[in-house]
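So the structure is just underneath, and the comments pick up after that.
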Protein chains: 2
Amino acid sequence: MNIGAAAEVTGVPAKTIRYYESIGLIPPATRAENGYRHYTGIDIDTLKFIQRARRLGFSVKDVGGLLALWQDQDRTSASVKALALKHISDVEQRIHELDSIRRTLIDLTDRCHGNDRPHCPILEEFAQGSDKGPKD
Amino acid sequence: MNIGAAAEVTGVPAKTIRYYESIGLIPPATRAENGYRHYTGIDIDTLKFIQRARRLGFSVKDVGGLLALWQDQDRTSASVKALALKHISDVEQRIHELDSIRRTLIDLTDRCHGNDRPHCPILEEFAQGSDKGPKD
DNA sequence: TATATGGTTCCAGTGACTGGAAGGTCAAGG
DNA sequence: CCTTGACCTTCCAGTCACTGGAACCATATA
């Protein structure tokens, strides 16, 4: 399989596959005589693994750790779970922040008439509002 | 006020103030005779405005738009509200994505024993799981 | 005078790609 | 045989919003 076909079956763009290789997330692909990268079974599985982990928001660095664990027969499920739990906690933290922002914005827009006149509580809040962050 | 003092009262780091100037988000600061940047009332208010808008997740580009609206006496509150509503919708979209990710991860970790043995449903899912994204 | 603490500029790095230029390779059609 | 188009290659630059650091200048104090 050339890189284009690999991209198609894994959902990882060709450019991104080359990028992953360049940063060492995946080993250098074997090359055909013409210099084209060549992908087979395990390469494809690895790219799919990466794609699924990335879609769940793991950083590329964490995906590297997950890949190492995946390939390590002596791993403990506890080590994998720890990584996942840490990630869940990060995701939840981010959700809380966004929800807090959301509530503040909704409060502000509710108070803005959204008409032809210049008066706007949103701008007023930005101009004179408290220095505290969004309400938690 | 020198840049350090301005940074302290606005909460925007000195480096970031210089950066905002370099990208044109704020006009070039006036300079003292020694070349130091000098900030007064309106500059400080502007930086505080920027800081509050940024904390609510507006992009620097959007903050530029908000600043322009703020300084435009003929603005309509509708134009401000439109920007805010668009941002709320983006935030909500991101929250949904993260929540979907969160639920998938929790499902996975619940099924992982997290013990000394290698068997782990999390890795199995990444290795053989569906190519669909996190469950919505 | 030495030091500490400001300020200045400019360059480089972050994360995770993505776009684009310039060029090599290959299969099919005229 | 030549061209066209679709693929592949490398490398450089840009994205976003900063942040770190080097090298240097200015000011106040012990």
Side-chain angles (χ1 to χ4, degrees), chain A residues 1-26 28-40 43-44 46-47 49-67 87 90-91 94 97-98 101 133, chain B residues 1-26 28-40 43-44 46-47 49-67 87 90-91 94 97-98 101 133:
Chain A
M1 253 189 211
N2 287 342
I3 199 168
E8 193 156 348
V9 299
T10 63
V12 182
K15 272 227 126 142
T16 304
I17 296 175
R18 292 194 198 96
Y19 168 72
Y20 286 161
E21 184 182 313
S22 81
I23 61 168
L25 181 65
I26 53 176
T30 58
R31 302 287 184 129
E33 288 193 1
N34 56 15
Y36 287 15
R37 285 176 183 80
H38 189 239
Y39 298 90
T40 46
D43 308 313
I44 298 302
T46 302
L47 285 169
F49 181 105
I50 292 171
Q51 174 77 341
R52 293 183 190 117
R54 286 289 296 132
R55 246 194 324 237
L56 287 177
F58 286 93
S59 69
V60 166
K61 193 177 165 217
D62 278 351
V63 172
L66 254 5
L67 275 177
H87 185 47
D90 291 347
V91 167
R94 188 78 194 115
E97 288 167 5
L98 287 175
I101 284 172
Chain B
M1 254 190 212
N2 286 342
I3 199 168
E8 194 156 345
V9 300
T10 63
V12 183
K15 270 223 125 140
T16 305
I17 297 175
R18 292 195 197 95
Y19 168 71
Y20 285 160
E21 184 182 312
S22 81
I23 60 168
L25 181 63
I26 53 177
T30 58
R31 301 289 184 128
E33 287 194 0
N34 57 14
Y36 286 16
R37 285 176 181 79
H38 188 238
Y39 299 89
T40 46
D43 308 314
I44 299 300
T46 302
L47 286 169
F49 181 104
I50 291 170
Q51 175 76 342
R52 294 185 189 114
R54 286 288 297 133
R55 248 196 321 241
L56 287 177
F58 285 93
S59 70
V60 167
K61 192 177 165 217
D62 278 350
V63 173
L66 254 5
L67 275 176
H87 185 47
D90 290 348
V91 167
R94 188 76 194 116
E97 288 166 7
L98 286 175
I101 284 172

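Predicted, not measured: the structure shown is a model, and the values here were computed from it.
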[X] [atom1] to [N] [atom2]: how many Å, rounded?
{"X": "A/L56", "N": "C/dA16", "atom1": "CG", "atom2": "C1'", "result": "17 Å"}
{"X": "B/Y36", "N": "C/dT9", "atom1": "OH", "atom2": "P", "result": "11 Å"}
{"X": "B/E21", "N": "D/dT19", "atom1": "CD", "atom2": "C1'", "result": "17 Å"}
{"X": "B/Y39", "N": "C/dG7", "atom1": "OH", "atom2": "C1'", "result": "11 Å"}
{"X": "A/K61", "N": "C/dA16", "atom1": "NZ", "atom2": "P", "result": "10 Å"}
{"X": "B/E8", "N": "C/dT5", "atom1": "CD", "atom2": "P", "result": "15 Å"}
{"X": "A/Q51", "N": "C/dA16", "atom1": "CD", "atom2": "C1'", "result": "13 Å"}
{"X": "A/E33", "N": "C/dT25", "atom1": "CD", "atom2": "C1'", "result": "13 Å"}

**OP:** Report which part of the nucleic acid B/I3 touches: base, sugar-phosphate, or nothing (heavy-atom distance under 4.0 Å, all strands).
**Re:** sugar-phosphate
Original post:
Counting N and O atoms only, with roles assigned by atom type, does the side chain of B/N34 sit under 3.5 Å from a partner on the main chain of B/Y36, one being a donor and the other an acceptor?
Top reply: yes
**OP:** Keeping the roles fixed (side chain from A/H87, backbone from A/L56), state whether a donor-acceptor pair exists under 3.5 Å.
**Re:** yes
Side chain of [X] (C-beta onward), nearest among [options]:
{"X": "A/N2", "options": "C/dA16, D/dC8, C/dC17", "answer": "D/dC8"}
{"X": "A/R18", "options": "D/dT19, D/dC25, D/dT10", "answer": "D/dT10"}
{"X": "B/P13", "options": "D/dC8, D/dT19, C/dT8", "answer": "D/dT19"}
{"X": "B/V60", "options": "C/dA16, D/dT10, D/dA17", "answer": "D/dA17"}

Subject >> B/K15 or B/G4, whichever maps to the more 5' nucleotide of DNA chain C >> reply: B/G4
Original post:
Quick one: does B/T10's side chain get under 4.5 Å of B/Q51's, heavy atoms only?
Top reply: no
Subject >> Nearest-0.5 Å distance that lies between atom CZ in B/R52 and atom CG in B/L47 >> reply: 11.0 Å
Tell me whether the OP1 or OP2 atom of [N] has a side-chain N or O from [X] closer than 4.0 Å.
{"X": "A/R37", "N": "D/dC8", "value": "no"}
{"X": "B/N34", "N": "D/dT27", "value": "yes"}
{"X": "B/T16", "N": "D/dT19", "value": "yes"}
{"X": "A/R31", "N": "D/dT10", "value": "yes"}

**OP:** Give me the one residue out of B/I17, B/D43, B/V12 that meets side chain to side chain contact (heavy atoms under 4.5 Å, CB included) with B/I26.
**Re:** B/I17
